[in-house]
Amino acid sequence: MPRALAQGRGPEKQHEKGRRTRLQVEPVAAMKTIMSISRAAAPLLSALLLATTAHPALAQVQPETNTRPMAVPITPSVPDPQDVPYPGTIALEIDASDVTTGAFRVTETIPVADGASKITLLFPEWLPGNHGPRGTLAELTDVRFFANGQPLKWTRDPVEVFAFHVELPAGTKEVVARFVHTSPLRESEGRIVMTREMLNLQWEKMSLYPAGHYVRQIKVRPTVTFPQGWTAYTALDGKSAPDAKTGANRVSWDVTDYETLVDSPIFAGLYAQRFDLGKNVYLSTVADKPELLAIKPENLQTYRNLVDEALAAFGAKHFDHYDLLLAMTDRMGGIGLEHHRSSENQYEPRTLVDWEKGDWDRNVISHEFAHSWDGKFRRPAKLWTPDYRQPMQDNLLWVYEGQTQFWGYVLAARAGTQSKDMVLANFANWAGSFTQYPGREWRSVEDTTHDPVFAARKAKPFPSLARNEEYYTEGALVWLEADQIIRDGTGGKKGLDDFAKAFFGIRDGDWGVVPYEPTFSK
């Protein structure tokens, strides 16, 4: 039996004794450490002492009476956006070449207005197409600010934690921000956006923008360094050639506004191919392996059909050019996200080459393409915001997403990217499942539009009772019924196609935003 245990002293006591012995051996060093800590903590300890000293008025309170504090008012410290230009152009440079760690290293140079003593920089929180506050602030690390090569003091806003308040010395002309976006390495950490073969760069995850301005009024010049031999696709204009002097795969684009930048993500990869679908629409693909891009000509034709069918259904084009960004992978995380002149899409690796087996997997492209009209050009008024700080109100997502779900399947069947049987089976499955759905007895499809805000798309114990984001699927059935109502009322002469042309087929070539509000009449 060990001596310490024989004397009634367990392992923990033995450890404490050893720790005391070490302090006794080095008393001077230990005392210096304690004094250093005490000096650093002195202001805090003084503040705490003052805070805990009883107010004279409290001395009169009887012991049996509980103390009742009053609320401390919250004073907003982040300026609201104004529709005025931000002075100067931000230079945003991202090193996206580290495929081992998946880290994106960012240097952002931000001009400062003359005489400014501070600047507030925001990390995007509310993003179009996410339908909730999805900003990945936890992945933004090693944040540092500099002016004239000297580090600047900054604090995070205690209420709006996506805001950074940076103090500026007199005469500061620009602030250099350096930070690292630590993208997830495993699914438990979030969506994987970089592998050894491809990446998905979303600008909002690795940039800050100055508070106080509409994002469309903030100019940015973006530059990205990719791994050697990779090809990058994006809807951004003015792409430069790789750096000939250094040999680095460093690419820049023309100056754009921050709103357009965030709406123009990048897919890049080692194995890449771009297919011209006509009408300035392209299928821009990256894959885990080169053989996964070998789509047969007759199957590629269905995507050309999709472009024609969409333009015929909606009656106008609301982009100057469009990239269907597509990743053929099971290594990078899945995605389906709409943008005005592009969309982010993922298929299972063999969906293009094993055409019949992949029938179920191909709806995401027709859905996201339809969003260029429904959700981007025509958008609920309260889902358009001047910056990415103002909350978005989702109550019309049954129009935004529900109608897009309808058109995504209808256009897929018309074009042949999915079979008619597959599309009808999906509608039948939704209709059948909702007849056995107890959640519909207490919760409307409109109320499910708020689900992405408060439920954050997490799994639920009893989903058929709780309901999820059924504004997609039940919303599609609402628009199927609307089609039938129009057909019944016109003797079969008109349908939802006619509504689509009237609602979306305006201002051909305009890729701005035309918002709408609901109107009801008896």
Side-chain angles (χ1 to χ4, degrees), residues 124-136 162 191 334-338 363-364 367-368 370-371 373-410 426-486 496 499-500 503-504 513-522:
E125 181 179 8
W126 289 81
L127 298 167
N130 285 252
H131 311 323
R134 296 282 183 272
T136 56
F162 282 67
R191 177 174 170 262
I335 192 170
L337 187 60
E338 65 270 23
N363 183 256
V364 63
H367 178 102
E368 303 304 342
H371 266 315
W373 292 267
D374 184 7
K376 303 306 292 184
F377 177 66
R378 297 306 309 268
R379 195 180 311 182
K382 293 174 183 177
L383 275 173
W384 179 88
T385 55
D387 65 2
Y388 308 122
R389 167 180 169 244
Q390 179 174 313
M392 299 175 184
Q393 300 178 47
D394 289 351
N395 56 299
L396 285 180
L397 280 181
W398 62 273
V399 183
Y400 178 132
E401 292 287 7
Q403 190 180 176
T404 298
Q405 187 84 347
F406 172 87
W407 285 115
Y409 276 94
V410 168
N426 274 280
F427 277 100
N429 181 57
W430 303 332
S433 65
F434 285 129
T435 66
Q436 307 296 320
Y437 220 67
R440 296 182 74 238
E441 296 179 8
W442 72 273
R443 191 176 180 196
S444 68
V445 66
E446 181 184 23
D447 189 64
T448 70
T449 63
H450 304 295
D451 215 67
V453 178
F454 66 79
R457 293 179 167 170
K458 74 177 186 68
K460 297 178 181 178
F462 298 95
S464 64
L465 179 61
R467 302 205 72 173
N468 287 296
E469 297 179 39
E470 277 101 32
Y471 55 85
Y472 283 94
T473 51
E474 189 172 347
L477 295 176
V478 168
W479 290 97
L480 177 61
E481 183 179 9
D483 177 74
Q484 298 305 304
I485 291 171
I486 295 171
L496 204 64
F499 167 81
F503 194 63
F504 302 113
V513 178
V514 179
Y516 57 85
E517 290 273 22
T519 56
F520 301 97
S521 59
K522 295 182 179 180

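Values reported hereafter were calculated over all heavy atoms of this structure, with side chains retained and with hydrogens, waters and symmetry mates removed. Given the structure is predicted, the values throughout are model-derived calculations rather than measurements.
Between Phe499 and Trp479, the ring centre distance stays below 6.0 Å.
The closest side-chain heavy-atom distance from Lys382 to Glu517 is below 4.5 Å. In this structure, the side chains of Pro518 and Leu396 come closer than 4.5 Å at one or more pairs of heavy atoms. Inter-residue side-chain proximity for Tyr388 and Pro128 is flagged as met; some heavy-atom pair is nearer than 4.5 Å.
Going from atom CG of Leu383 over to atom CG of Leu397 covers 5.5 Å, rounded to the nearest 0.5 Å. Remark: Leu337 CG to His367 NE2 distance equals 9.5 Å, nearest 0.5 Å. For the atom pair CD of Gln403 and CG of Leu496, the computed distance is 5.5 Å after rounding to the nearest 0.5 Å. How far NE2 of His371 is from CZ of Arg379: 11.0 Å, rounded to the nearest 0.5 Å. Note that the CE atom of Met392 and the OG1 atom of Thr385 stand 3.5 Å from one another [nearest 0.5 Å].
Between Gly334 and Arg191, the shortest heavy-atom distance links the atoms O-NE, 3.1 Å. Among all heavy-atom pairs drawn from Pro463 and Tyr437, the shortest one is O-OH, 3.8 Å. Residues Glu338 and Gly129 share a closest heavy-atom pair of OE2-CA, 3.3 Å. Closest of all the heavy-atom pairs between Asp374 and Thr404 is OD2-OG1, 3.1 Å. Of all heavy-atom pairs spanning Val445 and Gly475, the tightest one is CG2-N, 4.1 Å. The minimum heavy-atom distance between Ala381 and Pro515, with the atom names listed, is CA-CB, 3.7 Å.
Checking side-chain atoms of Arg389 against main-chain N and O of Glu125 turns up no donor-acceptor pair under 3.5 Å.
For Ala431, the side-chain contact (heavy atoms from CB on, under 4.5 Å) test picks out Leu477, with sequence neighbours left out. Residues that satisfy the ring pair (Phe, Tyr, Trp, His ring centres under 6.0 Å) test with His131, not counting sequence neighbours, are Tyr400. Annotation: side-chain contact (heavy atoms from CB on, under 4.5 Å) contacts of Ala476 (sequence neighbours excluded): Gln405, Phe406, Phe427, Trp430. Qualifying side chain to side chain donor-acceptor pair (under 3.5 Å) partners for Tyr516, counting only residues two or more places apart in sequence or in other chains: none.
For residues 439-474, there are no ring pair (Phe, Tyr, Trp, His ring centres under 6.0 Å) pairs, not counting sequence neighbours. Applying the salt bridge (Lys or Arg N to Asp or Glu O under 4.0 Å) test to every pair with at least one member in residues 427-449, sequence neighbours left out, gives these pairs: Arg440-Glu474, Arg443-Asp447, Arg443-Asp451.
With Pro452 as the fixed residue, the side-chain contact (heavy atoms from CB on, under 4.5 Å) test singles out one of Asp394, Asn468, Asn130: Asp394.
Around atom CD of Gln484, more than 12 heavy atoms belonging to other residues, nucleotides or ligands sit under 6.0 Å away.
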